[in-house]
Amino acid sequence: MPTPASHIVVKTPVVDSIGELYAARGLGKKCVLLFDEHTRELYGEAIVDSLHRQGFSTCELVVPARETSKSFSSAWKLFGRMIERDVDRSWNLLCVGGGVVGDLGGFIAASYYRGIPVVQLPTTLLAMTDSSIGGKVAVNHPLGKNLIGFFHLPELVLIDPAFLKSLPSREIFGGMSEVVKYGFIADRSFFDLLNGHFDEIVRLEEPWLTEAVSRSAFIKAEVVEKDFREQSGLRATLNFGHTFAHGLEKLAGYRNLRHGEAVTMGMACALILSRRLGFLAEAELVEGLGLIGRFRFPKGLVERQLLARDSREMFDSMFSDKKKIDRKLRFVLIDRIGHGFLHGEDVEKHEVLGAIEDAKEWFRSRK
Ligand SMILES: NC(=O)c1ccc[n+]([C@@H]2O[C@H](COP(=O)([O-])OP(=O)(O)OC[C@H]3O[C@@H](n4cnc5c(N)ncnc54)[C@H](O)[C@@H]3O)[C@@H](O)[C@H]2O)c1
Ligand SMILES: [Zn+2]
């Protein structure tokens, strides 16, 4: 198995180098390609042509571009297609898409023939900076998201920020929330870079875009490398803002609210909670909220998905977060910009409610 960081390649255009990159990793030239409808339509032909020019045999699979494709039943159907095409252990699987395709493809690769190599070619900002790295692969169960899966590290993660040119702006801001998260939890100088060039990055301007994508990917890989199976609490810091976010996503019924949007709101709550509990200085809270304030949401979204929510209901739905242990609400906090930690103790309910109320007030004051 590769280490998480050693297998990340950031390059434009990356597809034309796949042959060499595969050879260097000892990967064979028989490749199952998994797309969703959008990535097939946008990039399928160019990628398949390039692979054929480089001497690959391919088998193409396409799933609908939605979260429900990340299911056992769609994996089951795809297994059938692969068996019919005589795909065996000598093949590998290349996932071309966002986190849905990456998680589903990783799940299939981890289980097909007891495991074939998987390569990630992420095409959303979230996938480039988060979901394609770290080897967590899963499908959803009707009773909960991401419950059935494996740790199956990709042999390669091929990151080409040029794919983002076709990505809708809502998805860019969604992915940007995870990028900013790395600044908060892991790297003050990265936070400063994001603060200084936020607008250039969301406009996909170089060299800022590639810098932001690549630093995020390597920060995540480093965290994962140090705590692969989430034992020391370090990997858990990647959930900064996420306990609050899961509460909001659950209240929204996982519809009409992108994960990243919930995380942006959740990070405002987590920053305020860090301040309320005395870990974060006021000046850093103001600085942190300043960066959160640069995010753009669809019209009326913050009103509907945060301001209109009852804080107690939001608190209750946070309890259904699968990351809870012994029904305790664990929070990832920061004690300075660039350093996150998993707060081991129970946080008092009134502090959590207070943080939610303060965050709502802050969002209201910005309108
Ligand atoms: N494995 C992990 O560690 C991990 C971490 C975070 C999130 N996830 C998972 O990731 C999933 C979300 O991923 P996502 O946000 O990438 O969503 P997604 O895969 O649904 O992609 C979002 C939309 O963008 C489209 N798209 C993809 N690339 C495009 C491009 N270049 N141009 C235009 N459109 C494009 C897709 O077709 C889709 O409609 C969730 O299922 C979540 O659970 C996994
Ligand atoms: Zn996330």
Side-chain angles (χ1 to χ4, degrees), residues 2-25 27 31 33-36 38-39 42-44 46-47 50-51 54 92-106 109 117-137 152-167 171-183 186-187 190 193-194 197 200-225 238 260:
T3 60
S6 66
H7 61 291
I8 298 174
V9 177
V10 184
K11 191 172 176 184
T12 301
V14 81
V15 171
D16 297 343
S17 313
I18 284 187
E20 284 159 43
L21 293 164
Y22 269 48
R25 280 253 161 235
L27 288 165
C31 186
L33 289 132
L34 178 65
F35 298 98
D36 73 19
H38 297 149
T39 58
L42 287 162
Y43 301 112
I47 293 174
S50 174
L51 287 180
Q54 296 174 66
N92 52 69
L93 194 153
L94 176 66
C95 308
V96 186
V100 165
V101 165
D103 281 10
L104 173 67
V118 67
V119 175
Q120 297 284 355
L121 185 62
T123 60
T124 64
L125 184 55
L126 178 129
M128 291 180 191
T129 58
D130 189 357
S131 62
S132 70
I133 297 146
K136 278 190 183 176
V137 298
H152 187 60
L153 275 172
E155 290 297 321
L156 278 169
V157 182
L158 306 174
I159 300 178
D160 183 347
F163 282 116
L164 299 176
K165 294 213 164 64
S166 52
L167 197 66
E171 302 292 339
I172 298 287
F173 278 105
M176 202 55 188
S177 69
E178 308 286 354
V179 171
V180 162
K181 176 189 79 181
Y182 297 121
D187 188 338
F190 187 42
L193 178 131
L194 297 171
H197 299 285
E200 289 92 330
I201 297 166
V202 295
R203 287 198 303 259
L204 309 181
E205 287 174 19
E206 295 295 359
W208 312 112
L209 175 64
T210 294
E211 176 79 6
V213 167
S214 129
R215 280 178 76 169
S216 299
F218 283 102
I219 290 173
K220 169 139 188 196
E222 197 185 326
V223 167
V224 169
E225 196 146 2
L238 297 171

Distance (rounded to the nearest 0.5 Å) between [X] [atom1] and [Y] [atom2]:
X: I172; Y: K165; atom1: CD1; atom2: NZ; answer: 10.5 Å
X: D130; Y: L238; atom1: CG; atom2: CG; answer: 7.0 Å
X: L194; Y: I201; atom1: CG; atom2: CD1; answer: 5.0 Å
X: M128; Y: L158; atom1: CE; atom2: CG; answer: 11.0 Å
X: I133; Y: I159; atom1: CD1; atom2: CD1; answer: 4.5 Å

Could you check if a side-chain atom of [X] sits within less than 4.5 angstrom of a side-chain atom of [Y], using non-hydrogen atoms only?
X: Y182; Y: V223; result: no
X: S216; Y: E178; result: no
X: I18; Y: V119; result: no
X: I8; Y: V10; result: yes
X: T129; Y: K220; result: no

Can you tell me if [X] uses its side chain to pair, donor with acceptor, with the backbone of [Y] under 3.5 Å?
X: D160; Y: V14; result: yes
X: Q54; Y: V15; result: yes
X: S50; Y: A46; result: no

Contacts of type side-chain contact (heavy atoms from CB on, under 4.5 Å), residue [X], not counting sequence neighbours:
X: T124; result: L126, A127, L167
X: V100; result: E67, S69, K70
X: D36; result: H38, T39, V63, A65, V101
X: Y43; result: I47, F163, S166

What are the two closest non-hydrogen atoms of [X] and [Y], and how far apart are they?
X: P154; Y: S132; result: CG-O, 3.7 Å
X: A162; Y: T12; result: CB-CG2, 3.8 Å
X: V137; Y: D103; result: CB-O, 3.8 Å
X: L153; Y: G134; result: CD2-C, 3.8 Å
X: L94; Y: C31; result: CB-SG, 3.6 Å
X: G105; Y: C95; result: CA-SG, 3.6 Å

Item to check | Any residue meeting salt bridge (Lys or Arg N to Asp or Glu O under 4.0 Å) with E222, in chain and number order, not counting sequence neighbours | outcome: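 Once residues adjacent in sequence are excluded, the partners of E222 under the salt bridge (Lys or Arg N to Asp or Glu O under 4.0 Å) criterion are K226.
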
Next on the checklist: Test of understanding: with salt bridge (Lys or Arg N to Asp or Glu O under 4.0 Å), list the residues that count as partners of E200, not counting sequence neighbours.
Outcome noted: none

Item to check | Pairing residues for F35 by the ring-ring contact (aromatic ring centres under 6.0 Å, His included) criterion, not counting sequence neighbours | outcome: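 F35: no ring-ring contact (aromatic ring centres under 6.0 Å, His included) contacts found.
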
Item to check | Counterpart residues, side chain to side chain donor-acceptor pair (under 3.5 Å), relative to D187 (two or more places apart) | outcome: S189, R215

Item to check | Those residues that, when tested against S214, pass side chain to side chain donor-acceptor pair (under 3.5 Å) (two or more places apart) | outcome: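 Per chain and number, S214 pairs via side chain to side chain donor-acceptor pair (under 3.5 Å) with no residue.
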
Checklist entry - Can you name the one residue among V118, L27, N92 that meets side chain to side chain contact (heavy atoms under 4.5 Å, CB included) with E155? => result L27

Next on the checklist: Using the side chain to side chain contact (heavy atoms under 4.5 Å, CB included) definition, which of the options E206, K11, E211 pairs with P161?
Outcome noted: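 Exactly one candidate clears the test, E206.
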
